[in-house]
J.: 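This is the structure I have questions about; it appears just below.
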Amino acid sequence: MVTGGEPLRAESATAYPRRVHDIVIVGAGTAGCVIASRLTEDPDLSVLLLEAGPRTRKLETRIPAAFSRLYRTPLDWGDSTVPQEALDGREVVFPRGRMVGGSAAMNAMMVLRGHPADYDAWAAAGCPGWSWADVEPAFTRSLDGPFPLVEQRDRHVLSEAFVHAAQAVGIPFTEDLNGSDNAGVGYVRVSQRRGRRFGVAEGYLKPALRRPNLTVVTGALATRIFVEGGRVRGVGYRLHGEGAGDEEEAPASRDVVLCAGAIGSPHLLQLSGIGPREVLESVGVDVVHELSGVGRNLVDHLANGLLVRTEDVETLASAESVRNLLDWGIRGRGPLTSNLGEAAAFVRTRPDLPSPDLELVFVPVLFEDEGLKQPTEHGFTLAVVLLQPRSSGTVTLRSADPLDSPAIDPRYLTDPEGQDAGMLLHGLRLARRVVAQEPLSRFVSSELLPGAQAQTDDDLTAHLRALSQTLYHPAATCRMGTDPHAVVDPLLRVRGLDGLRIVDASVIPRLPSGHTNWPTVMIAERAAELIAAA
Ligand SMILES: Cc1cc2nc3c(=O)[nH]c(=O)nc-3n(C[C@H](O)[C@H](O)[C@H](O)COP(=O)(O)OP(=O)(O)OC[C@H]3O[C@@H](n4cnc5c(N)ncnc54)[C@H](O)[C@@H]3O)c2cc1C
């Protein structure tokens, strides 16, 4: 059943029956869709899923190439970071989905889980049960229907040229960027079906909506977690458009599971008085349970790169046409099926590293102004991504009002040794070497940004400061572990409280040398097992 402020069916939000559910889940994003679906396979378990956004059929969520059109719409939380000191004081655009499907309903669909060594590093960092051998079955299980991993249907000629050019500088070709060693250059597999986005909302949640033991309420903003005597009793929420006094309560007899994402989960914990004392007291929130790690350790994949003007080739800049829309609508084919990030290279900057630390993402269109500007000329983007950032930041309350967005401060490029910036400079030079190779070079007209005149480290550093942007992978703000600053234990239970788990990208202890969506699916698959076994 789905009901809510923006109901899918005729039921109105106020008609929603107030009863006690076994499990209350907050957030119907990547993790929330997976876990709601898996838990309700057991008909004896009743589950309530609360989601702040609507269930939407908006075309931009279906057409792969259109995802950036969702930025700064009501389906995006519309955040920016606080001014980033090392990025010329810029407030970096920070999209995250606010709808059923969450960020997976607006992401670039790139399915890249990283290297097996990434997960062995999780286990070694105090997360027993999360080594590669432990997590690999959960990745495999997700592929069994709910989370397809397919080839691009109509990849762009420029993406093929990139894959050849990268080999010309010595990056070996790999068939499988999710293989036992993900290093190399290759084509990115995507979560699509017949040329349309096919994410967790379609693969996991939709089939589960028929089950009588699942209730989904959309337009429901969770505003606090109720704690009594060290045990979590339920979640307070406001329905879409209702005022401050109209808080509903969703009691949980077993567990509350936070799946509100790497920004939403620490925000909700802090609003509820669970977090670092000084953060809570600074905005007048009573301390219910002091937990120093909540909202700390924010890490993200920062991206920079080259924007290159092309000639003699039609890029995705002209993809939006009636002909292409028909081709997409009727046959699920053509340039609109592109996820933009069609090809990638994963590189170790030192041979002794256990996993790649630098990524190049090839995009057959100019990705300008952090994705907010639609391209007006032909070109491509070769993004350089810092996979293992040393800089980390915070998510903290700006006020005790749940309608106020939290302060997001990733503190990009602030590591004291400057290794993060150094790595991106290295990546920019590597990207230039790739672009200079045949067959990619034959399409190049000129380097638009940073531009051929930018050659010294100072020039390139100025480019980093002026144009770095997020690759949208915030994580670790409710880090899993066994040390005093960990927020959840390796069974994903909030330390020191009963009846509360966190299951989303916020528990990731260290970013994988891949992207974050499939790892989050894996975390939720494992969490469903843990909850069922408890
Ligand atoms: C533009 C973009 C492109 C990306 N591209 C890729 C990619 O190509 N490949 C990849 O692997 N990863 C990609 N990612 C990252 C990936 O999608 C995320 O890491 C993943 O979706 C995180 O899942 P999550 O469950 O932690 O959070 P989310 O999917 O963000 O889900 C959180 C949900 O909780 C809801 N919520 C939050 N607070 C509340 C509240 N108080 N009350 C009720 N509901 C609430 C939100 O509305 C949302 O639906 C991208 C992300 C973005 C934004």
Side-chain angles (χ1 to χ4, degrees), residues 4 24-35 49-56 64 67-71 75-77 79 93-114 147 178 188-191 197 199-201 205 217-225 235-240 250 257-269 271-272 300-301 303 339-342 344 361 370-371 402-403 405-406 469-475 477-478 502-508 511-512 514-524 527:
V24 176
I25 302 171
V26 177
T30 298
C33 288
V34 173
I35 200 160
L49 175 58
L50 300 173
E51 166 55 45
R55 190 164 188 237
T56 176
F67 69 87
S68 67
R69 298 289 181 101
L70 294 163
Y71 298 4
L75 300 177
D76 172 16
W77 285 80
D79 298 317
V93 176
F94 209 82
R96 57 182 173 119
R98 183 185 177 123
M99 63 191 122
V100 171
S103 298
M106 70 187 296
N107 73 10
M109 291 152 279
M110 302 170 78
V111 184
L112 296 160
R113 65 183 161 193
F147 194 70
N178 291 302
V188 172
R189 294 202 168 85
V190 288
S191 43
R197 178 187 300 275
V200 286
L205 190 67
V217 183
T218 57
L221 177 77
T223 49
R224 67 178 146 147
I225 296 157
V235 177
Y237 65 99
R238 284 187 208 166
L239 287 170
H240 188 71
V257 182
L258 293 193
C259 299
I263 307 302
S265 286
H267 185 214
L268 183 57
L269 287 171
L271 284 170
S272 312
D300 188 19
H301 283 149
N339 72 319
L340 306 197
E342 293 190 5
V361 180
E370 302 172 85
L403 298 182
S405 58
Q469 64 153 80
T470 175
L471 200 74
Y472 324 110
H473 299 164
T477 48
C478 297
I502 307 178
V503 179
D504 56 27
S506 73
V507 304
I508 289 175
L511 279 169
H515 293 200
T516 44
N517 196 43
W518 199 15
T520 306
V521 170
M522 176 279 288
I523 289 169

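We count ligands from 1, going down the list as the structure has it; atoms in each ligand are counted the same way.
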J.: Test of understanding: given a 4.0 Å heavy-atom threshold, classify the contact between Ser506 and ligand 1 as side chain, backbone, both, or neither.
T.: neither

J.: For atom 41 (N) of ligand 1, what's the nearest protein heavy atom and its distance?
T.: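 Sorting protein heavy atoms by distance from atom 41 (N) of ligand 1 puts Ala222 O, 3.1 Å first.
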
J.: Using the side chain to side chain contact (heavy atoms under 4.5 Å, CB included) rule, pick out the option among Val26, Leu269, Ile523, Thr477 that qualifies with Ile502.
T.: Leu269

J.: Under 4.0 Å, heavy-atom basis, I'd like to know which part of Met109 is in contact with ligand 1: side chain, backbone, both or neither.
T.: backbone

J.: So, is Leu221 polar-close to ligand 1, with some N/O to N/O distance under 3.5 Å?
T.: no

J.: In terms of atom number and element, which parts of ligand 1 are under 4.0 angstrom from non-hydrogen atoms of Pro95?
T.: 53 (C)

J.: If we only count N/O pairs under 3.5 Å, is Asp504 in contact with ligand 1?
T.: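 No; every N/O pair is 3.5 Å or more apart.
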
J.: Please confirm whether Val26 comes within less than 3.5 Å of ligand 1 when only nitrogen or oxygen atoms on both sides are compared.
T.: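 No, Val26 has no N/O under 3.5 Å of an N/O on ligand 1.
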
J.: By salt bridge (charged side-chain N to carboxylate O under 4.0 Å, His left out), which residues pair with Asp76, not counting sequence neighbours?
T.: none

J.: Just one of His515, Arg197, Arg96 clears the side chain to side chain donor-acceptor pair (under 3.5 Å) bar with Asn107, so which one?
T.: Arg197

J.: Flag Met99 as yes when one of its N or O atoms lies below 3.5 Å from any N or O atom of ligand 1, and as no otherwise.
T.: yes

J.: If hydrogens are left out, which of Ala108, Gly219, Ala28, Cys259 has an atom nearest to atom 5 (N) of ligand 1, that is, the closest non-hydrogen atom?
T.: Ala108

J.: Can you figure out which of Glu51, His515, Arg224 has its heavy atom closest to atom 35 (C) of ligand 1?
T.: Glu51

J.: Which residue and non-hydrogen atom of the protein lie closest to atom 31 (O) of ligand 1, and at what distance in Å?
T.: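 Going by distance alone, atom 31 (O) of ligand 1 is nearest to Gly29 CA, 3.2 Å.
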
J.: Heavy-atom distances under 4.0 Å decide this one: backbone, side chain, both or neither, for Trp77 against ligand 1?
T.: side chain

J.: Compare Gly114, Gly97, Gly27, Gly261 and give the one whose heavy atom is closest to atom 48 (C) of ligand 1.
T.: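 Checking each option, the heavy atom nearest atom 48 (C) of ligand 1 is found in Gly97.
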
J.: Quick check: Gly264 and ligand 1, any N/O pair under 3.5 Å apart?
T.: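 No, there is no polar N/O contact under 3.5 Å.
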
J.: Among all protein heavy atoms, pick the one closest to atom 8 (O) of ligand 1 and tell me residue, atom and distance.
T.: Met110 N, 2.9 Å

J.: Side chain, backbone, both or neither: which part of Thr30 has a heavy atom under 4.0 Å from ligand 1?
T.: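 Both backbone and side chain of Thr30 come within 4.0 Å of ligand 1.
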
